[in-house]
Amino acid sequence: QKEVEQNSGPLSVPEGAIASLNCTYSDRGSQSFFWYRQYSGKSPELIMSIYSNGDKEDGRFTAQLNKASQYVSLLIRDSQPSDSATYLCAVNRGTYKYIFGTGTRLKVLA
Amino acid sequence: DGGITQSPKYLFRKEGQNVTLSCEQNLNHDAMYWYRQDPGQGLRLIYYSQIVNDFQKGDIAEGYSVSREKKESFPLTVTSAQKNPTAFYLCASSRPGQGTYEQYFGPGTRLTVT
């Protein structure tokens with residue numbers, strides 16, 4: 001079992017719809033959770049961090065964390081073609097080691 | 001503007017040559033990291049450094065070396081001992097606090113060895 005698992009996709013959504021990206025993790029000691037967006041050929045860009053159970057909203061993005069079920073999700077409202085990218089989930093258990101998933105490719109169709 | 005710079009953006013080398021990738025940050029972060037990214041795989045940690053003059057091996061340190069003589073700089077040398085060096089190399093930094101702080105990435109260096 002991978003430490004951080006994401007569906008590789010592609011996840012295709014029409015423009016204006018809500019995109020829902022999911023991530024599960026295996027280490028119950030994980031404390032910090034991050035979502036990165038990575039455009040093809042570019043480096044990852046941090047878009048959200050979440051540390052406690054529940055929802056955290058930032059503009060069109062909402063991160064959701066459920067530690068009991070060991071999953072973290074990212075919702076993108078009013079999806080735009082410019083949101084088309086690979087989204088990486090990362091977790092950290094309070095050390096210097098961040099564990100990354102392999103990413104979900106999102107395609108927003110105009 | 002604060003940020004992380006990596007140079008060069010693209011690097012081409014022949015097998016058997018050592019090559020050094022540059023990483024500089026002006027975010028005043030204590031911790032710095034090197035990852036490599038290969039198609040279809042997650043980011044894999046090569047080395048990390050928590051403070052100046054100290055660094056630790058990550059999951060795939062064989063064939064790589066680093067130094068941390070200044071807080072702002074964390075260069076990575078890819079040696080001829082690295083069996084499959086062609087990859088996208090990413091430098092990152094974070095504030096101290098062991099994981100509760102976000103990690104930021106530089107633009108990356110794409111290394112091709114033939």
Side-chain angles (χ1 to χ4, degrees), chain A residues 1-10 21 23-52 56 58 61 63 65 67 72 74 85-105, chain B residues 2-7 9-10 21 23 25 27 29-51 54-61 68 74 87-110 112:
Chain A
Q1 180 188 10
K2 291 182 181 176
E3 293 181 82
V4 176
E5 295 210 52
Q6 297 180 255
N7 189 318
S8 61
L21 305 162
C23 171
T24 58
Y25 59 94
S26 60
D27 186 349
R28 285 196 172 273
S30 298
Q31 299 177 12
S32 310
F33 306 85
F34 309 93
W35 282 101
Y36 290 84
R37 177 176 61 199
Q38 186 174 24
Y39 292 113
S40 180
K42 303 296 186 181
S43 64
E45 173 193 5
L46 179 68
I47 52 174
M48 291 287 287
S49 59
I50 187 166
Y51 305 111
S52 54
K56 179 182 177 183
D58 183 0
F61 299 99
L65 175 61
K67 289 186 177 180
V72 57
L74 179 71
T86 296
Y87 289 80
L88 305 177
C89 171
V91 305
N92 188 292
R93 63 170 296 146
T95 68
Y96 281 86
K97 187 168 182 179
Y98 296 73
I99 308 298
F100 288 81
T102 54
T104 298
R105 191 156 66 97
Chain B
I4 304 171
T5 57
Q6 292 185 243
S7 62
K9 187 173 181 180
Y10 298 97
L21 282 57
C23 177
Q25 56 97 2
L27 298 168
H29 286 172
D30 283 313
M32 297 187 74
Y33 312 77
W34 274 104
Y35 295 89
R36 69 176 277 170
Q37 187 175 37
D38 297 280
Q41 297 196 39
L43 298 175
R44 292 186 290 168
L45 182 64
I46 304 172
Y47 269 98
Y48 67 96
S49 169
Q50 301 174 34
I51 59 171
D54 184 61
F55 49 83
Q56 285 79 41
K57 293 181 178 180
D59 299 318
I60 55 164
R68 186 86 187 276
F74 191 40
F88 188 37
Y89 289 88
L90 291 159
C91 179
S93 71
S94 68
R95 287 189 289 167
Q98 297 188 339
T100 57
Y101 297 106
E102 293 93 352
Q103 190 176 67
Y104 297 92
F105 286 86
T109 292
R110 198 166 295 276
T112 303

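Below, chain A is the first sequence line, B the second, and so on; all start at residue 1.
The two residues B/Phe88 and A/Gly41 have their closest heavy-atom pair at CZ-O, 4.2 Å. Of all non-hydrogen atoms in A/Thr102 and B/Gln41, the two that sit nearest each other are CG2-C, 3.9 Å. Across B/Leu90 and A/Ser43, no two heavy atoms sit closer than the pair CD2-CB, 3.4 Å.
Interatomic distance, CG of A/Asn92 versus OG of B/Ser94, reported as 8.5 Å (0.5 Å rounding). Rounded to the nearest 0.5 angstrom, B/Tyr35 OH and A/Phe100 CZ are separated by 4.5 Å.
The aromatic rings of A/Tyr96 and B/Tyr48 lie parallel to each other, with less than 30° between the two planes, well short of the 60° mark.
Annotation: side chain of A/Tyr36 is in contact with side chain of B/Gln103 (closest heavy-atom distance under 4.5 Å).
In terms of heavy-atom pairs under 4.5 angstrom with chain B, the leader among A/Ser49, A/Ala90, A/Pro44 is A/Pro44.
For B/Arg110, the part sitting under 4.5 Å from any heavy atom of chain A is the side chain, from C-beta outward, and nothing else. Proximity to chain A (any heavy atom under 4.5 Å) is shown, for B/Gln56, by neither the backbone nor the side chain. Neither the backbone nor the side chain of A/Glu3 has a heavy atom closer than 4.5 Å to any heavy atom of chain B.
Within 6.0 Å of the NZ atom in A/Lys67, the count of heavy atoms belonging to other residues, nucleotides or ligands exceeds 12.
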